[in-house]
Chemist: 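Got a structure for you, questions after.
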Amino acid sequence: MFSIHPTSFVAPNAKLGTGVEIGPFTIVHSNVVIGARTKIGAYCEIGVPTPLSNGSSLEIGEDSLIRSHSVFYESSYFGSGLTTGHRATVRENTTAGKGFQIGTLSEIQGSCQVGDYVRFQSNVFVGGKTRIEDFVWILPYAVLTNDPTPPSNDLMGCVIKDYAVISAMAVILPGVEVGLRALVAAHACVSKDVPEHMVVAGVPARVIGDTRKIMKRDASGKPAYPWTTHFHRGYPTEIIEMWQASANCSDYET
Ligand SMILES: CC(C)(COP(=O)(O)OP(=O)(O)OC[C@H]1O[C@@H](n2cnc3c(N)ncnc32)[C@H](O)[C@@H]1OP(=O)(O)O)[C@@H](O)C(=O)NCCC(=O)NCCS
């Protein structure tokens, strides 16, 4: 029914779906529900208990892949198709939709909300109380902060709206909202809200243009944004069809 490596420890009341695989030296705590066919690699700790949890189970959706040395606390929820690189850490009370990808060495603090098909590359840091909507990309070493006057308890999570892209090494300051389909350039420090579709760059970040005016670098003469017109790798067919239908009626707002 499921496959548990002899060197791993799975608490007797953890709930494992059909076909789940648990790798060597991994610990699965009791307050955990793992969906069917999910694979958990070596040296992971799944469902770490914490007094900060709201008491609910850690739920990992079906068909997920958690690579080695990753750590998930209890009371978080992930839809189907969660994928992590190696050494990802996710704290308690965080929820994410379908198809979430978390890159190697990324950390997500507690009480975050993540939409559907969000992708992080490696070394992304997400402060507690951040809200990330659907189809967002967050690229290596980006930092989403939450404490305006550290150290304090006045946490103000960032908000990243649908389809926004946060480039490498960008820093988003506490409480800032990055708008629908906006692009934060590499190494920007974003201290003010970013309007929809705008590109911001620099320290402090300023609007330098409109994403829809950036051209692809492949000499095709086509616009690079919205990226959904030409980048489909790994997305489900029904999502790609939705994007194609939107492109055909020139409606990128949905
Ligand atoms: C924002 C970005 C897409 C460039 O957009 P663009 O409008 O095509 O910009 P251009 O290359 O035509 O440059 C326009 C101007 O902005 C400046 N600029 C471009 N990127 C910048 C950045 N990240 N920070 C500061 N200024 C930048 C350029 O120097 C240029 O200035 P100039 O007019 O004084 O010469 C690009 O810089 C970027 O950040 N890409 C993301 C890279 C990344 O992180 N990839 C993911 C990980 S692999």
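Both ligands and their constituent atoms are indexed starting at 1 by order of listing.
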Chemist: Holding to side chain to side chain donor-acceptor pair (under 3.5 Å), I want the full list of residues that pass it with R206, two or more places apart in sequence or in another chain.
Modeler: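 Listed in chain order: nothing, the list is empty.
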Chemist: Near H5 NE2, under 6.0 Å, is it more than 12 heavy atoms from other residues, nucleotides or ligands?
Modeler: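 More than 12 heavy atoms, drawn from other residues, nucleotides or ligands, come within 6.0 Å of this atom.
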Chemist: Please state which protein non-hydrogen atom is closest to atom 44 (O) of ligand 1 and give its distance, to 0.1 Å?
Modeler: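 Here the nearest protein heavy atom works out to A168 N, 2.9 Å.
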Chemist: Please check whether I214 reaches ligand 1 - meaning an N/O of the residue sits under 3.5 Å from an N/O of the ligand, judged on distance alone.
Modeler: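 So ligand 1 has no N or O lying under 3.5 Å from an N or O of I214.
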Chemist: Linking Ile, Leu, Val, Met, Phe, Trp and Tyr by side-chain heavy atoms under 4.5 Å, what else ends up with Y73?
Modeler: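 Members besides Y73, by chain and number: V48, V71.
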Chemist: Please work out whether any backbone atom (N, CA, C, O) or any side-chain heavy atom from C-beta onward of S167 is under 4.0 Å from ligand 1, and answer side chain, backbone, both or neither.
Modeler: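 It is both backbone and side chain that touch ligand 1.
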Chemist: Right, does atom 41 (C) of ligand 1 have protein non-hydrogen atoms nearer than 4.0 Å?
Modeler: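 There is a protein heavy atom less than 4.0 Å from atom 41 (C) of ligand 1.
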Chemist: Among protein heavy atoms, which lies nearest atom 20 (N) of ligand 1, and at what distance?
Modeler: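 Looking only at protein heavy atoms, the one closest to atom 20 (N) of ligand 1 is A185 CB, 4.7 Å.
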Chemist: Within the protein, is there a heavy atom lying under 4.0 Å from atom 1 (C) of ligand 1?
Modeler: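 Given the 4.0 Å cut-off, atom 1 (C) of ligand 1 counts as touching protein heavy atoms.
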Chemist: Just to check, does R206 reach to within less than 4.0 Å of ligand 1 when the distance is taken from its heavy atoms?
Modeler: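 R206 does not count as a contact of ligand 1 under the 4.0 Å cut-off.
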Chemist: Could you check whether atom NZ of K216 has more than 12 heavy atoms from other residues, nucleotides or ligands sitting under 6.0 Å from it?
Modeler: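 Yes, because the 6.0 Å sphere around NZ of K216 holds more than 12 heavy atoms from other groups.
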Chemist: Applying the side chain to side chain contact (heavy atoms under 4.5 Å, CB included) test to L139, which of V165, N123, I166 qualifies?
Modeler: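 For L139, the side chain to side chain contact (heavy atoms under 4.5 Å, CB included) test succeeds with only one of V165, N123, I166, which is V165.
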Chemist: May I ask whether atom 32 (P) of ligand 1 is less than 4.0 Å from at least one protein heavy atom?
Modeler: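 So atom 32 (P) of ligand 1 lacks protein heavy-atom neighbours under 4.0 Å.
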Chemist: Of all the non-hydrogen atoms in the protein, which one sits nearest to atom 3 (C) of ligand 1, and at what distance?
Modeler: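 So the nearest neighbour among protein heavy atoms is L183 CD2, 3.9 Å.
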Chemist: Could you walk me through whether S80 and D63 pass the side chain to side chain donor-acceptor pair (under 3.5 Å) check?
Modeler: CA-CA 6 Å; S80 59; D63 299 306; over 6 Å; no
Chemist: Distance to 0.1 Å, residue and atom name: give those for the protein heavy atom nearest to atom 4 (C) of ligand 1.
Modeler: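 Going atom by atom, the protein heavy atom closest to atom 4 (C) of ligand 1 ends up being R217 NH2, 4.3 Å.
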Chemist: How about R119: does its CZ atom have over 12 heavy atoms from other parts shown lying under 6.0 Å from it?
Modeler: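 Atom CZ in R119 is crowded, with more than 12 foreign heavy atoms closer than 6.0 Å.
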Chemist: From atom 25 (C) of ligand 1, is the closest protein heavy-atom distance below 4.0 Å?
Modeler: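 So far as the 4.0 Å threshold goes, atom 25 (C) of ligand 1 is in reach of a protein heavy atom.
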Chemist: So which heavy atom in the protein is nearest atom 46 (C) of ligand 1, and how far is it from that ligand atom?
Modeler: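 Scanning the protein heavy atoms, the shortest distance from atom 46 (C) of ligand 1 goes to L139 CD1, 3.5 Å.
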Chemist: Please answer whether the main-chain N or O of L52 pairs with a side-chain N or O of N93 as donor and acceptor at a distance below 3.5 Å.
Modeler: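 Yes, because the side chain of N93 sits within donor-acceptor range (under 3.5 Å) of the backbone of L52.
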Chemist: Looking only at distances, can you tell me whether any N or O atom of Q121, backbone or side chain, sits closer than 3.5 Å to an N or O atom of ligand 1?
Modeler: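 For ligand 1, there is no N or O atom that lies under 3.5 Å from one belonging to Q121.
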Chemist: Does the protein put a heavy atom less than 4.0 Å from atom 12 (O) of ligand 1?
Modeler: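 No, because not a single protein heavy atom sits under 4.0 Å from atom 12 (O) of ligand 1.
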Chemist: Give the numbers and elements of all ligand 1 atoms closer than 4.0 Å to a heavy atom of A201.
Modeler: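 Answer for ligand 1: 24 (N), 25 (C).
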Chemist: Would A186 count as a polar contact of ligand 1, with the cut-off being nitrogen or oxygen pairs under 3.5 Å?
Modeler: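 Yes - when backbone and side-chain N and O of A186 are compared with those of ligand 1, one distance drops under 3.5 Å.
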Chemist: In terms of residue, atom name and distance, what is the protein heavy atom nearest to atom 18 (N) of ligand 1?
Modeler: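 Nearest protein contact, heavy atoms only, for atom 18 (N) of ligand 1 is I208 CD1, 4.7 Å.
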Chemist: Looking only at protein heavy atoms, identify the closest one to atom 47 (C) of ligand 1 and say how far it is in Å.
Modeler: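 The answer is P140 CD, 3.9 Å.
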Chemist: For the residue pair N13 and S30, establish whether any side-chain heavy-atom pair is separated by less than 4.5 Å.
Modeler: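 Side-chain contact under 4.5 Å: yes.
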Chemist: Looking at Y141, I want to see if its OH is surrounded by more than 12 non-hydrogen atoms of other residues, nucleotides or ligands under 6.0 Å.
Modeler: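 Not more than 12 within 6.0 Å, no.
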Chemist: Between Y235 and W227, is the ring centroid distance below 6.0 Å?
Modeler: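 Ring centres of W227 and Y235 closer than 6.0 Å.
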